[in-house]
Visitor: 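Below: one structure in C-alpha cells.
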Amino acid sequence: MDKIKSQRAVVLASGRGSNFEALVRAEKMGELFPFQIIGLISNQSGAGARELAKTYGISDVLVDSTSFKTPLGFDRFRYEKKLLECLNSLKPDWIFLAGYMLVLGPEIIRCFPKRILNIHPSLLPKYKGLRAQKQALEAGDKITGCSVHYVTEELDGGPIILQKSLAILPSDTEETLSERLLPLEHQTYREALQLIAKELT
Ligand code: GRF
C-alpha cells in the first residue's frame, strides 16, 4: 500500500484561538490524520492563539498587521506580500483560518486553490461577515449554527464542507450564543477535516 503523504497545515488566527487549540488537540489525538499542524501565523501580537502555540510546541509566526498601518489606512499589499512570504517558507499544503479577522486577499487565495478552509459562526449563506451571531439574533432566528467552507474570493462565500445547527434560546445574547456555539464549531471543524481526509486517503 502507498504511504499516505502527510498534509502540512498552517493555521491563521487573530484572537483567542479556541478553534486552533481544538484542532491541535484533535491532531495530537490522531484524529486529523493525514493533516499535520506545522505552524500558526497570527496578525495580532496579543493573540491568545500565540500563547497556545507555545504551550503545544507549535511554531508561531507573527505578521503584525498593525505595523502595516499608513496615514491613509492599511497597506494591504505589503502586509499580504509579507504574509505570503511567511506562508511560502512554511510550505503548507493547507491553510486553516480559525478566527482570522482580516479578509484574505485574492493573490494568496489564488496560490492555494481549494486549499484554504474557514470556520464561520452561522449557517451560511446566512449572515456573512462580522458578528454573525448578532445578525441571527436580530433577525429573530430560532436556529443558527456554524459552517466550515472553502475560502474563495467571495467573502464567506466558498463551497460549504459541513454545517451544524444549534437552537437559539429566548434568553440568548450575542455573548451566550457565541459561547454556546464554540464547542459546535470545534466539532464541525474537526469533522470537516475528517471528511476531506477521507477523500485524500
Ligand atoms: C469563532 O467564532 C469563529 O467562528 C470566528 O471567530 C471566532 C474565533 O474564535 N471566525 P477562536 O479564536 O477560535 O476562539
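All heavy atoms count here, side chains included; hydrogens, waters and symmetry mates do not. For this chain, numbers begin at 1 and follow the sequence in order. Counting convention: from 1, in listed order, for ligands and their atoms alike.
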Visitor: Once salt bridge (charged side-chain N to carboxylate O under 4.0 Å, His left out) is applied, what residue pairs with a partner in residues 100-114 remain, sequence neighbours excluded?
Guide: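 Only Arg110-Glu153 qualify under salt bridge (charged side-chain N to carboxylate O under 4.0 Å, His left out).
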
Visitor: Applying a heavy-atom distance cut-off of 4.0 Å, which protein residues contact ligand 1?
Guide: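 Shell around ligand 1 (4.0 Å, heavy atoms): Arg16, Gly17, Ser18, Asn19, Gly99, Ile119, Pro121, Glu185.
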
Visitor: Would you mind listing the cluster partners of Leu90? Hydrophobic ones only (ILVMFWY), side-chain contacts under 4.5 Å, chaining allowed.
Guide: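 Joined to Leu90, directly or through intermediates: Val10, Leu12, Ile38, Ile41, Val61, Val63, Phe68, Phe74, Tyr79, Leu83, Leu84, Leu87, Ile95, Leu97, Tyr100, Leu102, Leu104, Ile108, Ile109, Phe112, Ile116, Val151.
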
Visitor: Could you work out, with ring-ring contact (aromatic ring centres under 6.0 Å, His included) as the rule, every residue matching Phe35, not counting sequence neighbours?
Guide: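 Trp94, Phe96.
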
Visitor: Does Leu40 share a hydrophobic cluster with Tyr189, counting links as ILVMFWY side-chain heavy atoms below 4.5 Å and allowing steps through other members?
Guide: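 Yes, one cluster joins them.
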
Visitor: Are the side chain of Arg50 and the backbone N or O of Ser45 linked by a donor-acceptor pair below 3.5 Å?
Guide: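 Checking the backbone N and O of Ser45 against the side chain of Arg50, a donor-acceptor pair under 3.5 Å is found.
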
Visitor: Check whether any side-chain N or O of Ser147 sits under 3.5 Å from a backbone N or O of Ser122 as a donor-acceptor pair, and report yes or no.
Guide: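 Yes, the answer is positive, given that a donor and an acceptor are paired below the 3.5 Å cut-off.
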
